[in-house]
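Structure first, commentary second.
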Amino acid sequence: MKSTYPELPGSLLLVEEETLARWREDDLFRRTLEANADGEPFVFFEGPPTANGRPGLHHIISRTIKDLVCRHRSMEGRSVTRIAGWDTHGLPVEIEAEKKLGISGKPEIEAIGIARFNEVCRESVFTYKEEWENLSERIGYWLEYWRPYVTFHTDYIESVWWVLKELSGSGLIYRGHKSVPYCPRCGTALSSHEVAQGYEDVEDPSLTFVADIVDASGAPDPDGRAFLVWTTTPWTVPSNVGLAVNPGLTYVEVAHDGRRLIVAEALAADIFGEDVEIVARHRGDTLAGLRYRRPLDLVPAPEHVGNAWTVVAEDFVSAEEGTGIVHMAPAFGADDYAAGQRHDLPMLNPLDEAGHFVESIPVVGGMFVKDADPLLVEELRRGGGLFHIGTSVHSYPHCWRCGSPLLYVARDSWFAATSTLKDQLIANNDRISWFPPEVGEKRFGEWLRGNVDWALSRDRYWGTPLPFWVCDEGHLHVVGSLAELSELAGPLPDDFDPHRPFIDEITFACPECGGVMHRTPEVVDVWFDSGAMPYAQWHYPFENVEDFESHFPADFICEGLDQTRGWFYSLLAISTMLGRGPAFLNVVVNDLILDVDGQKMSKSKGNVVNPWDAIGEHGADAVRWYLITSSSPWVPKRYDPAGVREASRKFFDTLFNTYRFFALYARVEEWHASEADPQPAERPFIDRWLLSRLDTVVRAITEAMDGYQITRAYRTLGDFVVEDLSNWYVRRCRPRFWGNTDAADARAAFRTLWDALRTVALLAAPCAPFSSDWMHRALTEESVHLQRYPAHSGASDAELEADMEAARTLVSLGRAAREDVQIRVRQPLRILYAVVPGGRSLHGALLDLVRDELNVKSVEFLESAEDIVRLVARPNFRELGPRFGKRTQVAADAIRGLDQAALAAFRGGAAVEIELDGQRHTLQPGDLDVVQEATGDLVVKEDGSYTAALDPALDDELRAEGMARELVNRIQRLRKDAGLEITDRIELALAGSEAVQGAARTHQVFIAGETLAVSVTVGDEGISDGFEHVRDTDIDGVPARIALRASATVG
RNA sequence: GCGUCCGUAGCUCGGCAGGUAGAGCACCCGCCUGAUACGCGGGAGGUCGUUGGUUCGAGCCCAACCGGGCGUACCA
């Protein structure tokens, strides 16, 4: 049994500190895992962050959601495995290492040596590991950091190899020569989802050049005809080997400066102006096969010329932009490459690995491509081939890590043939529930429908080495395990590190031809690492086979929207290629966190919020609560510290105050939950109401949580705590908690409030794990995180709740009426007339409650006072619409026009008709509401179908009572100022005008009772020297004198 | 360009299968002040981005447009 109810620490921050210490002491997280070890699994996958970057505020939102969902399921008894993960390979790490070593680019890396370079990578991988772990702990994100999966660990790599071997076995791995996005700085190709991360608007040259037509022998065209060609990449012009036209478009020859320039007809006016001189017209297909002189003769002609420098017909050519004639450089463009293959166009690639022209090229040798643009334009001008040069802004892909503009270059790469499984990818995606759905259906769905093969290889150093060995004959052997490798190549050392450069040295005899097999030098795309985590986190299939089977697929994952093409895709692509269906079944997507002004947070803008600052200022629970309740996770969220403060004040302060109230009196009265507490059915109306509300709230929250509508769930809880629990239940029930002579009633009140607080703690636990745990321990001495989440019992009573709703609405209206006539609530009034929709009327305790709240002697429901009532018809469009169609408004007008007698009759159940265009229609009960409006000297307030009419008339009796209440109010203030304890008894003397004295005498017993006065004397003569505290005061202009002293009588 | 989300009171956001606009904060007025330097009540404040359309009736459905975010795309 609870010995006592502890004081709340002074702030949320202190509550969190204290709770965090308890968790550490109790090793609580592990205990929750152990408690549910035999429960039905709820499978969660942690998307691995890179620990060589610091965690930001945006990480807090997804981590809060992850934690919230996992805690919720855990409280439902599910066994939730929450293995941490670290993404440790790839370009981000390598770039960091380059900086650390003060080098840049592949030649410098290789000069230092791959061994040394990778050593630095390995060291930097965990730079911020501790900060991540500490932040996770501080925000209450429970994750099994003691057994993380780490993508550079040998076991992990071995599982990735296994995956690759499986894929290879299914014929999904191939080496291809394709045009791929290529980062010249990093010297490697990128996958399409990496490219998607780096689009930026840039200003590029807009170049239009001339390509003179020649005949088969190379002689100029006798008519001086030439093509006009547009490009935004002048550096590709030396590599031009073809022009493409659309076979179906019409092209025109335009006389211009002695030449006849060919462009698409649709664009002629844009290029030459309205008064173009058109000399001839051609269909595109008739132009195909024409030869032209290459615009720049810098790159040596290839050995196999093929159809170089001829016009080809391609459907992708449009007349939207440029000239309608497309410059083709198959070495630098996917369309160009494909068309080149079709038409036997050669590839001219004068670039080195770093995107520089090779030294042997005249004019631009050794230059970076983008820097060469102006020189090439100048070169064109000199040869007479320049038509126009300008600039245009368009969005262009950049390296997602280093920011260099990407080049599209035809290169050898390893691919996974995902596009052959497009239908399965789509089918598997259909089995995933996305929150919000449109991300899955639209954004991700579109992406899948446009799926291209996954370029897996990276020409880099720090990554999972591709386990592909190739011999001179071109035979491929994929190694799927370390055991297999040692079988082929001899024993491996115990501490074998599968990374480069060591792995590169391993060779073995080709199983097919006996030749020497060397490992292909590339490493794998990091996204492949992370997408393989479902298997590799268990070192599957080498170990933990059962663990893996019971933890696939994930029931739930949650990451930022930016992972749509990242982790979400790699998980699905790999599981689909393995034939295992979707890797996850539910995914919550969160959007960006913006600053107060809606700007993206970025270091350059200096508007980044440090998560430690946010938590240090407001507390983790407040930040968590704010992030969850301010708006749905999937809409961009503006982070507003003022909003966090408000959330904190509103929810946490209210909840804490409610606890303080409970604890204060529970201590005084020494109440503890026990069998002696009355059963709910035996408790007063308001207790049963609160318990009903609680059950309704539990049901609503459960439904919302099950549907991953966590924002809705916690808004519901917040509203309950503030509106129902604190502002209504506690406020109404305050007197029941102290000095209550009805012991059963006191027990009922304490028990109800205790139950409510405890249930709120349980419900809040997933979202606000610290304060809920503090409170739950304070109430029960047990951690909230080892309890079961509340299940709704069906105890809710809709009638009860509707009655209370009606009462609260009437109270609200009554207050508004008092406001109108400026009569404060302390002044009693005679009567309130009330109308409640549906003919509901209130009785008993509820009626007392309304009378008490409004301080009126009686409340009458208007059936009994029809002489002061006017009936008003309110048409119900929902019913009338379907019945009257176009004439709904006419019918509504007719109903509004019904007279008092007709309405009274209708209310009484008689048949009433309206006439429309000569036709009579009998009104059905649902067609209209008959509402009563008060008339006369009453103050009337309405809200929907509610009406409250207050009689503001005062008489002497009411005035005296009002005065008595004012006196009580002043006496209480004086008591407080005098420093008396709540329970101290006093001796009281009152004096003042006739009104004061009269009221004091009439209501002496009342005043004494309210103020704990053992004696009351009235009149000036009563105030003698013996009173320590004397005060002259003023009650609405009436002077009064109050005197009191502590009584010797023990209370 | 295409796609998607968003646009509702000064600010942050609700608005449940279309039935005639809400909450919180801030502001103003009042009340309360023996759990709560907090609370309560009230008030003012909106042509629901614009324009059309469907409908008896549109914040909600459709179309176009405007503004913003994000995504996407090697249209050279």
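Bear in mind that the values here come from a model prediction, so they are computed numbers and not experimental data. Note on naming: letters A, B, ... go to the chains in the order of the sequence lines (proteins, then strands), and numbering restarts at 1 for each one.
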Nearest-nucleotide check on RNA chain B, A/Arg973 vs A/Gly324; residue mapping nearer the 5' end is A/Arg973

Position toward the 5' end of RNA chain B (nearest nucleotide), A/Thr658 or A/Tyr626: A/Tyr626

Atom pair distance, as rounded to whole Å: [atom1] in [X] and [atom2] in [N]:
X        : N     : atom1 : atom2 : value
A/Tyr639 : B/C11 : OH    : P     : 21 Å
A/Asp336 : B/C75 : CG    : P     : 11 Å
A/Arg715 : B/G14 : CZ    : C1'   : 6 Å
A/Phe652 : B/U36 : CZ    : C1'   : 17 Å
A/Asp591 : B/G69 : CG    : C1'   : 8 Å
A/Phe444 : B/U72 : CZ    : P     : 12 Å
A/Asn657 : B/U33 : CG    : C1'   : 13 Å
A/Asp640 : B/U12 : CG    : C1'   : 8 Å

Taking the side chain as every heavy atom from C-beta outward, state whether [X] and [Y] have any pair of such atoms under 4.5 Å apart.
X        : Y        : answer
A/Tyr639 : A/Val644 : yes
A/Glu438 : A/Arg443 : no
A/Pro205 : A/Ile389 : yes

Considering only nitrogen or oxygen atoms on both sides, find all protein atoms under 3.5 Å from nucleotides 1-8 of chain B and state each distance.
none

Does B/G71 have OP1 or OP2 under 4.0 Å away from a side-chain N or O of A/Arg565? no

If the cut-off is 4.0 Å, is A/Tyr659 near the phosphate of B/A35, judged by side-chain N/O to OP1 or OP2? no

Partners of [X] by ring pair (Phe, Tyr, Trp, His ring centres under 6.0 Å), sequence neighbours excluded?
X        : answer
A/Phe661 : A/Tyr665, A/Phe737
A/Tyr408 : none
A/Tyr182 : none
A/Phe884 : A/His921

Dot-bracket for RNA chain B: what is it, with Watson-Crick or G-U pairs under 3.5 Å, [ ] where a pair crosses earlier ones, and | for a pair to another strand? (((((((..((((.....[..)))).(((((.......))))).....(((((..]....))))))))))))....

Check: A/Thr629 main-chain N/O paired with A/Arg715 side-chain donor or acceptor under 3.5 Å: yes

Is the shortest side-chain N to carboxylate O distance from A/Asp927 to A/Arg883 below 4.0 Å? yes

Regarding A/Glu1010 and A/Arg975, does a basic nitrogen lie under 4.0 Å from an acidic carboxylate oxygen? no

[N] and [M]: how far apart are their [atom1] atoms, nearest whole angstrom?
N     : M     : atom1 : value
B/A17 : B/C31 : P     : 44 Å
B/A21 : B/U36 : C1'   : 33 Å
B/A23 : B/A64 : C1'   : 33 Å
B/C16 : B/G52 : C1'   : 29 Å
B/G68 : B/U8  : P     : 15 Å
B/U72 : B/G45 : P     : 46 Å
B/C60 : B/G18 : C1'   : 6 Å

Ranking B/A73, B/C13, B/A76 by distance to the side chain of A/Trp447, first place goes to B/A73

Quick one: which of B/U12, B/G24, B/U36 gets closest to the side chain of A/Arg734? B/U36

Could you go through residues 807-818 of chain A and list every donor-acceptor pair under 3.5 Å that involves a side-chain atom there, pairing it with any protein atom two or more places apart or in another chain?
unit_1, atom_1, unit_2, atom_2, d
A/Arg808, NH1, A/Asp724, OD1, 2.8
A/Arg808, NH2, A/Glu723, O, 3.2
A/Thr809, OG1, A/Glu805, O, 2.8
A/Arg815, NH2, A/Glu853, OE1, 2.3
A/Arg818, NE, A/Leu854, O, 3.0
A/Arg818, NH1, A/Ile823, O, 3.2
A/Arg818, NH1, A/Arg824, O, 2.5
A/Arg818, NH1, A/Gln827, O, 3.1
A/Arg818, NH2, A/Gln827, O, 2.7
A/Arg818, NH2, A/Leu854, O, 2.8
A/Arg818, NH2, A/Asn855, O, 3.1

Using nucleotides 41-47 of chain B, report all nitrogen or oxygen pairs with the protein that are shorter than 3.5 Å.
unit_1, atom_1, unit_2, atom_2, d
B/G41, N2, A/Glu819, OE2, 3.3
B/G42, OP1, A/Ser812, OG, 2.4

Can you name the residues that form a salt bridge (Lys or Arg N to Asp or Glu O under 4.0 Å) with A/Arg649, not counting sequence neighbours? none

Return the set of residues passing salt bridge (Lys or Arg N to Asp or Glu O under 4.0 Å) with A/Glu446 (not counting sequence neighbours), or none when no residue passes. A/Arg449

Under the 3.5 Å rule, do the base of B/A76 and the side chain of A/Ser318 count as making a donor-acceptor pair? yes

Can a donor-acceptor pair under 3.5 Å be found between the side-chain atoms of A/Arg649 and the base atoms of B/U36? no

Is it the case that A/His398 and A/Ser404 place a side-chain donor and acceptor less than 3.5 Å from each other? no

Check side-chain hydrogen bond (donor to acceptor under 3.5 Å, both in side chains) between A/Ser631 and all other residues, then give those that pass, not counting sequence neighbours. A/Lys637

Using a cut-off of 4.0 Å between protein heavy atoms and nucleotide atoms, how would you tag nucleotides 56-66 of chain B 5' to 3' with B, S and -? B----------

